[in-house]
Structure formats: C-alpha cells, structure tokens
Amino acid sequence: MRLHQLNPVVESVVAGIIGLAIGAAIMLAYGYDPVSAYSSLFRGSFGSVYSWAESLANATPLILTALTFAVAMRGGLFNIGAEGQLYIGALAAVSVSLIQLPYPLHVVVALLAAMLAGMIWSLPVALLKLGRGVHEVISTIMFNWIAHFFAFYLIANVLTDPIRGEKTISIVETSRLARMVPHTSLNYGLIIALVAVAVVLFLLWRTTSGFELRVSGHNPEAARYAGISRRKQVMTAFVIGGATAGLAGAVQVMGRPPTYAVMSGLPQFVNLGFDGIGVAMIGRNHPIGIVFAAIFFGGLLVGGRIMQFSPGVPLELVRVIEGVIILALAVPELRTVVVRLWTKTRGRKQIDGT
Amino acid sequence: MKLFRIKVAAILIAILGLVAVPLSGVALAASKVALVLDVGGRGDLSFNDMGFKGADEAVQKLGVELVEIQSNSAADYLPNLQNAARSGDFDIIIAVGFLLADSMAEVADQFPDQKFGIIDVTWLGKPNLMEIGYEENKGSALVGALGAMTAAHYGYDKIGVVLGIEIPVLYKFEAGYRYGMHWGNAKYAEVTGKNPGVGLLWNYTGTFSDIAKGKAATDAMLAQGAGMIYNVAGPLGIGDLEAITEHLEAQGKSAGPPFMIGVDANQDYLGDGHRVLASMMKRVDFGVYSAIESVVNGSFKAGVKILGPGNGGIAISRRQDLADFIDFGIKGGVITEADRGPITANWDAMRAGIPSWIWDAVDELEAKISSGEAEIPCGWCPDTIGDIRNQYPD
C-alpha cells in the first residue's frame, strides 16, 4: 500500500490519530493523564453552547487568513503575508472610528477600509514578484515585519488612546460587530467570514479569472501555452488574499470583546496569519475544507485553555500538544504541496535545458 | 468529488467533538484559587512572577489549591476568566494586571456570586471584586531620595529614570521620584552643609518590551553624568543594567556607582549583587496573598484596597529581603545556587559603602510619609503632571 494512494478523508483521520497519540505520549512523559487531558480538551472545545461559541469565535479570523494562503496556493504561490496584512487591516478598521457615521454604515465602511488596506499592503509583494522576480516568501516575510513595526508606531503615536497609552482608541459603538451569543466572544464576524468563503468559492470555481488562477497553479507551462496572463493571475491571488487578511484583522478588532482596540504588542493578533497557513493545510486549501479545519483549530485553542484547569497541564505543554496535532494533520497536504513544487521545479529545469 | 470528501472529513471531525462530550466530569475540590495572568506570563522575574510567588505562598501557608491560567493572547482574557467562573470551583479568581481590567469588568457582572480580585486596578467598583492598587508614588519618593543622596555622596550631579510608555500610571512613579530627589537634595545640604544640586534626567522610551531602548536611554544618561538609573519599564531594566555594566567595564570596574534602582520585584540580586543599589518593591505577591487570605479567613471585602509603605505593600529592599529574592532568581533560572555567596557578600559591601545617615534619612522620609507629614504627588495626575514637573523641576 502506497501512502499517497489513500483517500484524503482516511488520510486526515489517520494523521489526526497519530497526532493525538504522539501528544498522549508527550503528556505521559511529563506525568499528566492523557485521557483526562483529552476529555478536557474536547469538552472545552465542543462540549457546550458556550464552548462551541468560543471555538467558532476563534475560527473566525483563521478562516479568513487561511483563505489568503489557500487562494495563493491554488495559483501556485506561497503567500505568507496574511500576518502583516491583518495588522494593517485591523488598524485601518480602528482609524475609521475617528470619523462619525451611523450604524450599520460605519461597520461597512470599516470593513471596506480594512479590505482595501490589506490589498494595498499585499500589492508591493505582487509588483516585486512581477517586476523584479522577488520570491513572494521573502517579500511577504519582510512586509510582515514592516507591518509589525508600523503597527507599533501607529499604536504608540497616532491612534493612541489618550487615557490608556498601551492601546489604540477603541472601536466606537456604531462600528462594532454585535455578539451572536451573549457573554461569549462569538460575534457576527463569523457571518462575514462565511460570506468571504462563499465569495472566494465563487471567484475561484465560477469565474474565468478563478479558472485561470487554478490552471496556473496546477500547471504553469500549460497556462502559459494557453495564453493565461501571469500578471493578471498573480495580481488576482494577492489582491483577494490581501482583502481576506485585512478582513481578518477587522473582524478581530471590531467583533472580539471586550476591549475593541489594538493593544501594544498586538497580543490578540500575533500568529493568526501563520495559524491560517496551518488551517489552510488541514483544509486542503479548499474554502469549504478551511471552514471545518478552522473550527477544529479554533476548538483546539479553546480546549487547550481547559487543559490548564484540569488536569492542570501548563500552557507551554498545551501548546506543544496542539502543535503536534496540527502538524500531523497538515502533513498530508504538505506532502502534496512539496511534491508538486518539486516536480514543478524539475519540469522547469527540463524545459530550460539545465 | 473532492468537495464531498472534505465534507465527510469535516463531519467526522465534528462527530469526534460531540462524542467526547459525555466523557466529561470534573472532580470538585474544596478550597481553590485561580490565578489568571496576562500575556506577559511567567518568567518576567517581575510583575507576573511576583503574582505567582504570592499565590505559591498561600499554597504553602494556607493550604489552598492553586490553578494558574496563563493567557496565550489578549483574546484569551475574557474566556479564561469566564471559564474559571463558570466552573464554580474557585473560591476566588484573581487577575494579575491592569490589562485584564476590561474583561474583569464584564465577568464580575456576569457572575455576581463569584468572588474576584484584581491587581493594579482601582476603578471598576463591583460588589464582588477586590481591587488592589499600590502607592508607587510613595515608593518612588523613597528611592528618589536615596538616589539623590547617594549620587551626591559619590560626586555625581544627576540621577536618571528610564520609563516605559507614557501612561498616567507611570506619572505616579515620575512624580514621586521628583519629590524624592528634591527632598534628598535638601537633606544632603542639611546634613553636610553642601548643596549638591542633583538634577533629573528622564526618558519615556515608549515601550515595555524593547530592551535595547532601555540600554540606549541609560547610555545617554550615563554620558551626561548620571550616578543612578531608576528602571520604571519592567524588562527594560535588563538593558539599563547592561549599559551600566558596560560603562563600568570600560573603567575596569564591576561594582557601582553608577547604580541601577530596581522596580516591582527586588532586583538587587542582579548585577552580581553590587550594581543594583536598591529596589522599589511593589509587593504584588503580598497583594495576591492577602486577597487569598481574606477568602480563607472569611474577611473578603469588595472594593479598593490600597497597599503602600504603611502596610507592607510598597517597600525599599532591605537585607532581610535579599535571600528570599535570590531564591526567586534561582527559580527563574537567571542565577544559580553557587552565586548566592558572592552576591550576598557584594551586596553587603555595596550597602556598607553608603553612610548610615543616608539610610536613616530614608527611614525618616518613610516615617513622614506614613504619618502624612510628607505629601507625595500624585495618586492620579494625567492633568496635573505638568504642574508637578514645574514644582519639582529637573
């Protein structure tokens, strides 16, 4: 039996079980009871209305940042710039609170501003790739850091809360996303994320540009032969990705209670972009898959908090176990991606005659 | 087809979640305390570690059971407090740090029968919440006086303070330090007959995390002749001390002056025990411990509780505090047991180098603060810090 011939569903389940087993072994090694830990984990993530709500709240921004990665991946590009784009999106949403508008127009304007800001932030990456051949992995990492420090600057000097200098001004009431379930973090940002999923699904599978994007990803040589514009395809991937990442930042700051502000050190945003890569991998870079993967991933984070209560697994170890499970689940898609990349590189070399 | 497979996978994942539900079942314990920390988390050798130290002491002395909950992200504050309250297991839930204030305000309302405590927050006013604040201005006045007199004694005419982000909480430190410096100058003139005219160098670095900025600010102050650097920016103290160490190394020395003044925890054990003259100890451990104790002995009272020099919440570091915090440093992994002897000897030598009248003067100021004779600016002064700067100039 060859591993890559397995059905993807079976693959994911096997991978998940392997991940849980490794996690259990690690807990045993540190003297914690894996059965009670895992029961806490799953009870904490999906055991009640409250925990479902928290899991979905955590899933919301991850769906959006995973879309950023997945859209690019479908076009054969590695866009790991969601992290920076979401910071910029969040700050754009905050800056819209400086103007006065009625609800719900204020919400719409803030969301549009965040999407636009995300797109603008991803534009230089696309242009550098097209104009100078700069690889997007390098440029997105660089732009993530520029966004990081730019955000620090804006928090400390421009959008600062006059009373509490450790955060920006809070999003005004007219520009907040209401909670879906009282006393939980779940808010209407989830609906926005699901709409984004539908839009991306439509764009990629029901439009010519989307078709061209996917063809380029599958076989760049065939795409070139068929006259598909490389420029248009790269721009499409980065613009859509920038928009969803910007939205991720916006829903996180506009919907997530109770502070509704960007805090110094970006503590409610850090890693959402990178976690989105994991979510996209687990969801096989498909919008529908991403929704479920994000809920699973979000649930893991929520349940991890409960593992700290009983059986008292420290947060550091919780993170290790979460990481192991996620890594195991991402391995199947990672393998596909690596194989594709390798054959692509080899194919290009053959064409170049090197 | 692929879409279908993904759906199946997702459904399986969801089922896995549902199946796990009946596996639940928590053991209820008797006297339990939850300590919720902010994203700074453990290992800061300062604020958060001090909070844990207090809770740990309650475990040792009062026999309570402790669950420590760290926060992965600011998005965790609210659910971490909610989860603790929802479990109904805890006699008191204590949030360490003002970053948790907004979440605490909501959770205290949501769970009116649960007792809560919060450190460094004094403005929420909930019937089930004990709010513990500190008189950092008074402690800062003490180290300001000590700093000015010691600097003058060693022939320096400047003392410095490296602050974090310019927020009203830090104005308390700045205002107190200014007052203390002027008091120390006057005292030095009174005792020695010479007017030292020690002046102030101050810098809001705009960060509580960028250690390099602490070093840069300290370098600049040392170049202008500062004999004392007060760290009011948490981890930036590491940078402050590095600058002082390099400054001394350039002269082939290891011991100060110039010295640093530590903050929050007793940081005297850093710098080989002879580069941190004293620390303005803000006993977060004491606050956490007393909140837990109040629940254990049934004296819990909601409302604001102010800890200061009078009741052991704020203090200048003394000989009896050193061993305790050497333990703290060993636990934190920054020093080892082998360092205990040399650090203690160095510290003793450092303190012995300062005339005893200076220490007496610090005690005198402390007594005046306690009796109310010395009024230290300021409790909360975002509006009046400008006036205070004029009244107690650089």
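The analysis underlying the following values was restricted to heavy atoms, covering all of them including side chains, and did not include hydrogens, waters or symmetry mates. A, B, ... follow the sequence lines: proteins, then strands. Residue 1 opens every chain.
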Task: B:L236 CG to B:L163 CG distance, which is reported to the nearest 0.5 Å - done: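 Rounded to the nearest 0.5 Å, the CG-CG separation comes to 10.0 Å.
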Task: Spacing of B:I93 atom CD1 and B:K32 atom NZ [to the nearest 0.5 Å] - done: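 Those atoms lie 11.0 Å apart.
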Engaged part of [X] at the chain A interface, taking heavy atoms whose separation is under 4.5 Å:
{"X": "B:I165", "value": "side chain"}
{"X": "B:P382", "value": "neither"}
{"X": "B:D38", "value": "neither"}
{"X": "B:A84", "value": "both"}
{"X": "B:L170", "value": "neither"}

Open item on the list: Does the plane of the ring in B:Y204 sit parallel, tilted or perpendicular to the ring in B:Y171? Use 30° and 60° as the thresholds.
Closed with: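 B:Y204 and B:Y171: perpendicular rings.
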TODO: Determine, stepwise, if the pair A:S12 / A:R284 fulfils side-chain hydrogen bond (donor to acceptor under 3.5 Å, both in side chains).
DONE: CA-CA 10 Å; A:S12 284; A:R284 305 293 172 108; 3.1 Å; yes
Which region of [X], side chain (C-beta onward) or backbone (N, CA, C, O), has a non-hydrogen atom less than 4.5 Å from a non-hydrogen atom of chain B, or is it both or neither?
{"X": "A:P257", "result": "both"}
{"X": "A:S45", "result": "neither"}
{"X": "A:L266", "result": "neither"}

Open item on the list: Tell me if the CZ atom of A:F150 is crowded by more than 12 foreign heavy atoms within 6.0 Å.
Closed with: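 No, because the 6.0 Å sphere around CZ of A:F150 holds 12 heavy atoms or fewer from other groups.
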Open item on the list: Within the supplied structure, the quantity of interest is the number of heavy atoms (other residues, nucleotides, ligands) at a distance under 6.0 Å from A:W145 CH2; does it exceed 12?
Closed with: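 No, because the 6.0 Å sphere around CH2 of A:W145 holds 12 heavy atoms or fewer from other groups.
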Task: A:T160 backbone acceptor or donor facing A:T168 side chain under 3.5 Å - done: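 Flag not set: sc A:T168 to bb A:T160 has no pair under 3.5 Å.
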TODO: Select, from A:E54, A:R305, A:R256, the one with the greatest count of heavy-atom pairs under 4.5 Å involving chain B.
DONE: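 When all of A:E54, A:R305, A:R256 are compared, A:R305 has the most.
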Open item on the list: Please identify, among A:F152, A:F309, A:F269, the residue contributing the most non-hydrogen atom pairs under 4.5 Å to chain B.
Closed with: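 So the answer, after comparing A:F152, A:F309, A:F269, is A:F309.
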Quick one: closest heavy-atom pair of [X] and [Y], and the distance?
{"X": "B:K126", "Y": "B:E131", "result": "N-OE2, 4.0 Å"}
{"X": "B:F52", "Y": "B:E68", "result": "CD1-OE2, 3.7 Å"}
{"X": "A:V302", "Y": "A:G44", "result": "CG1-O, 3.3 Å"}

Open item on the list: Looking only at side-chain N and O atoms, does A:S36 offer a donor or acceptor that is under 3.5 Å from a partner on A:S39?
Closed with: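 No - no donor-acceptor pair under 3.5 Å links their side chains.
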Open item on the list: Please rank B:N80, B:I69, B:L78, B:V169 by heavy-atom pairs under 4.5 Å with chain A and give me the top one.
Closed with: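 Looking at each of B:N80, B:I69, B:L78, B:V169 in turn, B:I69 comes out on top.
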TODO: Name the member of B:P79, B:S103, B:S73, B:G206 that forms the most heavy-atom pairs with chain A at distances under 4.5 Å.
DONE: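 The answer is B:P79.
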Open item on the list: Looking at A:E322 and A:R319, is any side-chain nitrogen of the basic one under 4.0 Å from a carboxylate oxygen of the acidic one?
Closed with: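 Here A:R319 does not pair with A:E322 in a salt bridge, since their nearest N and O are not under 4.0 Å apart.
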TODO: Please list, in residue-number order, every residue in residues 106-120 of chain B that has a heavy atom less than 4.5 Å from any heavy atom of chain A; write 'none' if there are none.
DONE: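 B:E106, B:Q110 fall under the 4.5 Å cut-off.
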